[in-house]
Amino acid sequence: MSKPVRVRFAPSPTGPLHIGGVRTALYNYLFAKKQGGTFILRIEDTDQTRYIKGAEEYIQEALKWSGIVPDEGPEKGGDYGPYRQSDRKAGYGKFVQQLIDEDKAYYAFDSAEELTEMREQAKKAKMPNWQYNSITRNSMKNSLTLSKDEVQAKLDANEPYAVRIKIPRNEEVRFHDTIRGWIVVNTSNLDDKVIFKSDGMPTYHMANVIDDYNMKISHVIRGEEWLPSAPLHVLLYRFLGWEDAMPEFAHLPLILKPDGNGKLSKRDGDRLGFPVFPINWKNPETGETASGYREQGYFPEAFTNMLAFLGWNPGSDQEIYPLQDLIDAFSLERVGKAGAKFDAKKTVWFNEQYLKNTENKKLAELLVPVLKEQEIEFNTAQLPSICGLLKERASFLTEMVQNGLYFFKAPNEYDEKTINKKWKENAPHIVEDLKAAFSRTDYTAQSLKEAFETYLAQNELSFGKAGPVLRVAITGSGMGPSLYDICAILGQKEVESRINKALKELP
Ligand code: GLU
């Protein structure tokens, strides 16, 4: 019987989550939900020197906004907790001790200065990539070269140390990656990584493997940058006697800059003209804010839809996949190996599609806080129809408001081009006539249209002569949605007062 699907997203709280991190969380989540499994959030905070205040809260909030809700995690709890590695500190030491006792790891007492010195010397000798490994360890200060008593004396004197994994020489490590197939690495290419430090904390590699084992993780789905660490993790499983319980690996492709030139990074901030963070991030040190998709007005589902397509495709032409549809369609087999270029235009396009597909009533609800924030007065009953008209020509809610201010207040400025080209001819006369013609209707869009067309026919006027001037008088703008719809929403009293105002203010 195959084991239950349990996957984890394991970010380190060393700063804000970048959209690549959110995509990793998303793929884990989609995979878990599709398989009826469990999605776990684990905070990997063993490296206290890189800890950034507020980062964990940021991660939780960003996931919540994106709709990627963990089944187990620091907030939710669960049977395999605690879900923050610093809270699991006491549980790691015995495994480290086991590796030392079985000669699979060793104490190293070399200071940072001594290690730098070694690297410098190697560089001078034209061997730039010095590593602490199966060869060099024999000439370093560690429990393999020092006597038992010397080692004990150092430990008793509380000398700082690191525990390093003892990588075997010239052995093959083989493992399967769902996305990349079989991977074979020779251990001669691996170094003796530090797995534990004398501050009592394991390093990422050790804590990660122990926790994946203890939390019964079935699949490790993470970014490609962790692929070089995977052979070490496989060895740790082997050394700890857990090979049978080893999870399946899947290393996701990189998200690239729009020009394909390198990885899209946190440092790209707003530099490329689009956010790289899910929600605003205020740097606690500099106070600077980098923008996020939430604050830019994206729908969470447009955001996750866009992210899902950076590396995965459903194998059809369909592109609109709200979260539940993504769950139904997702499989790791359809995740590619090649880096996925970020496409800013396409990202806006996704939001546009969600805007158009959202019901007018729902949009009206979402618009209320935007209008309130901008201190714009509105009539709640009119909002759904206004949204219906404005959503066809906008990508964001805020853009709808910008484009449709005339629904909420009479214009004070009028589109100059229309005024200069059209109004000055005989517009005042035309809008007067139309005001009168409209007043004889019931002011529904249909009857306004008929009255308008009848007027054109009777006076042998083209639409171009009358339409734009009436529009500019009522909305101030040279273009927009159907004028009959606009007039029907505004109502007779407002339309007439606007025409009167324009007649007074315009030349
Ligand atoms: N803590 C690692 C990170 O920050 C987790 C990598 C993994 O998923 O194994 O990305």
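Order of listing sets the numbers, starting from 1, for every ligand and every atom in it.
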Can you list, pair by pair, the side-chain donor-acceptor contacts under 3.5 Å of residues 237-247, counting residues two or more places apart and other chains?
unit_1 : atom_1 : unit_2 : atom_2 : d
Arg238 : NH1    : Glu171 : OE1    : 3.4
Trp242 : NE1    : Leu240 : O      : 3.4

**Item:** Region of Trp226 engaging ligand 1 - heavy atom pairs below 4.0 Å
**Value:** side chain
**Fill in**
heavy-atom search around atom 6 (C) of ligand 1 in the protein gives Tyr204 OH, 3.4 Å
**Asked** Ile179 versus Glu224: any side-chain heavy-atom pair under 4.5 Å?
**Response** no
**Prompt:** Is Arg6 positioned over the aromatic face of Tyr80, cation under 6.0 angstrom from the ring centre and no more than 45 degrees off axis?
**Reply:** yes
**Message:** Angle between ring planes, His251 versus Phe249, binned at 30° and 60°: parallel, tilted or perpendicular?
**Reply:** parallel
**Message:** Among all the protein's non-hydrogen atoms, which is closest to atom 1 (N) of ligand 1, and how far away is it?
**Reply:** Glu44 OE1, 2.6 Å
**Request:** Check each atom of ligand 1 against the heavy atoms of Asn208 and keep those under 4.0 Å away; list them by number with element.
**Result:** 7 (C), 9 (O)
**Request:** Evaluate the criterion ring-ring contact (aromatic ring centres under 6.0 Å, His included) for residue pair Tyr298 and Phe303; output intermediate values, then yes/no.
**Result:** CA-CA 7 Å; Tyr298 279 85; Phe303 175 67; 7.5 Å; no
**Asked** Nearest protein heavy-atom contact for atom 2 (C) of ligand 1: which residue, which atom, what distance?
**Response** Ala10 O, 3.3 Å
**Item:** Residue and atom name of the nearest protein heavy atom (relative to atom 4 (O) of ligand 1), distance in Å to one decimal
**Value:** Ser12 OG, 3.1 Å
**Message:** Under the rule for side chain to side chain contact (heavy atoms under 4.5 Å, CB included), what residues qualify as partners of Asn142, not counting sequence neighbours?
**Reply:** Tyr106, Ala108, Tyr132, Arg137, Met140, Leu144, Thr145
**Asked** Looking at atom 8 (O) of ligand 1, what's its closest protein heavy atom, distance included?
**Response** Arg8 NH1, 2.7 Å
